[in-house]
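Throughout, a chain's letter reflects where its sequence line sits, starting with A, and its residues are numbered from 1.
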Amino acid sequence: MLFFSYFKELVGREVTVELKNDLAIRGTLHSVDQYLNIKLENTRVVDQEKYPHMLSVRNCFIRGSVVRYVQLPPEGVDVELLHDATRREARGG
Amino acid sequence: MSWAGAEDTFLSTSLASYLDKKLLVLLRDGRKLLGLLRSFDQFANVVLEGACERVIVGDLYCDIPLGLYVIRGENVVLIGELELGKEELPPHMTLVPEAEIKRAQKAERDATDLKGSMRKRMEFLDFD
């Protein structure tokens with residue numbers, strides 16, 4: 001549940017989601033769920049030329065299972081907090 | 001399970017806000033399906049009404065009608081809402097009939113196969 005909570009904190013931020021098929025999409029994180037499915041708003045594809053069919057997609061749902069990376073804004077990462085939360089979780093709550 | 005209210009739906013990751021809209025569904029094998037979202041569940045299994053496959057080869061494209069499709073969730077990569085009134089594809093792309101796109105698709109496939117087999121024969125040269 002840790003990363004679910006973590007991503008929830010990032011709602012409203014601009015992120016880049018790279019998929020396992022190499023498609024990279026940048027957009028505002030609208031919501032995330034327990035499977036780490038992601039909804040993005042105001043999306044644009046990083047390599048627009050290569051994916052012309054994505055031109056008119058502004059909002060999208062991405063299935064959690066196909067995500068490779070989520071690139072976050074540096075100020076959105078509090079490593080210290082994540083570290084503490086991990087230890088807490090490992091101790092069993 | 002209870003149905004979320006309109007406001008919850010709007011803020012959640014659920015596909016409910018896409019119901020009855022025209023969507024682009026990207027599949028794991030690279031296919032692109034267009035259609036109206038009529039139903040879905042927690043696995044992202046979806047039902048598309050009036051589905052068609054959009055085949056793109058270079059600057060040519062074609063929408064091949066398929067009918068009513070039930071897509072198993074595991075094959076779904078992305079579901080995109082198509083903005084209404086906006087050009088769906090760049091203006092330099094041309095709509096061609098199904099027969100022509102099938103030909104172009106085959107030509108492209110043959111070219112990749114040829115490249116693959118040439119590479120195989122040249123493997124002893126050890127490029128990369």
Side-chain angles (χ1 to χ4, degrees), chain A residues 1-13 15-71, chain B residues 4 8-19 21-34 37 40-46 53-63 71-94:
Chain A
M1 285 313 255
L2 203 154
F3 284 90
F4 173 40
S5 318
Y6 182 61
F7 277 118
K8 274 199 292 192
E9 295 294 307
L10 287 167
V11 163
R13 292 283 184 68
V15 297
T16 305
V17 181
E18 186 183 316
L19 309 186
K20 288 179 187 170
N21 63 6
D22 293 334
L23 175 65
I25 307 164
R26 190 159 176 76
T28 310
L29 189 63
H30 169 272
S31 58
V32 55
D33 66 13
Q34 52 177 336
Y35 307 108
L36 304 189
N37 293 330
I38 288 173
K39 256 189 180 175
L40 293 181
E41 285 185 330
N42 293 316
T43 55
R44 59 184 178 285
V45 168
V46 173
D47 188 0
Q48 189 65 255
E49 313 277 274
K50 208 174 146 197
Y51 305 98
H53 52 279
M54 294 294 293
L55 192 68
S56 59
V57 174
R58 280 293 153 275
N59 304 316
C60 72
F61 165 93
I62 300 167
R63 200 172 193 265
S65 63
V66 302
V67 173
R68 186 186 288 139
Y69 307 120
V70 181
Q71 297 174 25
Chain B
D8 294 342
T9 345
F10 185 68
L11 285 170
S12 81
T13 312
S14 139
L15 288 167
S17 64
Y18 292 169
L19 276 172
K21 296 213 166 106
K22 193 178 179 189
L23 302 178
L24 167 79
V25 180
L26 231 60
L27 302 183
R28 269 194 318 183
D29 62 0
R31 273 189 257 208
K32 301 162 266 297
L33 302 184
L34 304 175
L37 182 69
F40 66 89
D41 65 7
Q42 73 270 40
F43 306 111
N45 294 320
V46 292
E53 181 184 349
R54 174 159 289 174
V55 185
I56 301 180
V57 182
D59 280 350
L60 308 177
Y61 76 97
C62 181
D63 292 339
I71 304 166
R72 189 174 159 88
E74 61 181 329
N75 300 297
V76 171
V77 168
L78 173 148
I79 299 180
E81 200 179 345
L82 289 174
E83 212 173 11
L84 280 173
K86 200 170 170 288
E87 284 291 326
E88 286 186 13
L89 287 168
H92 63 86
M93 299 192 65
T94 357

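- For B:Leu24, the part lying under 4.5 angstrom from a heavy atom of chain A is the side chain only.
- Residue A:Asn37 touches chain B through both its backbone and its side chain, counting heavy-atom pairs closer than 4.5 Å.
- The side chain to side chain contact (heavy atoms under 4.5 Å, CB included) test applied to A:Leu55 returns A:Gln48, B:Lys86, B:Pro90, not counting sequence neighbours.
- Using a 4.0 Å cut-off between charged side-chain N and carboxylate O, A:Arg68 and A:Asp22 make a salt bridge.
- Looking at B:Glu88 and B:Lys22, a side-chain N of the basic residue comes within less than 4.0 Å of a carboxylate O on the acidic one, giving a salt bridge.
- Interface residue A:Leu19: only side-chain heavy atoms are found under 4.5 Å from chain B.
- Side chain of A:Arg13 to main chain of A:Leu29: no donor-acceptor pair is present (N/O by atom type, distance under 3.5 Å, no hydrogens or angles).
- Residue A:Leu23 touches chain B through its side chain alone, counting heavy-atom pairs closer than 4.5 Å.
- The parts of A:Val57 that come within reach of chain B are both its backbone and its side chain, each placing non-hydrogen atoms under 4.5 angstrom from that chain.
- A distance of 7.0 Å separates CD of A:Glu49 from CG of A:Asp47, quoted to the nearest 0.5 Å.
- With sequence neighbours left out, B:Phe43 forms a side chain to side chain contact (heavy atoms under 4.5 Å, CB included) with A:Arg63, B:Asp41, B:Asn45.
- Counting heavy-atom pairs closer than 4.5 Å to chain A, the top-ranked of the candidates B:Glu74, B:Arg54, B:Arg28 is B:Glu74.
- Both the backbone and the side chain of B:Leu82 come within less than 4.5 Å of a heavy atom of chain A.
- For chain A, the nearby part of B:Leu26 is the side chain; its heavy atoms alone come within less than 4.5 Å.
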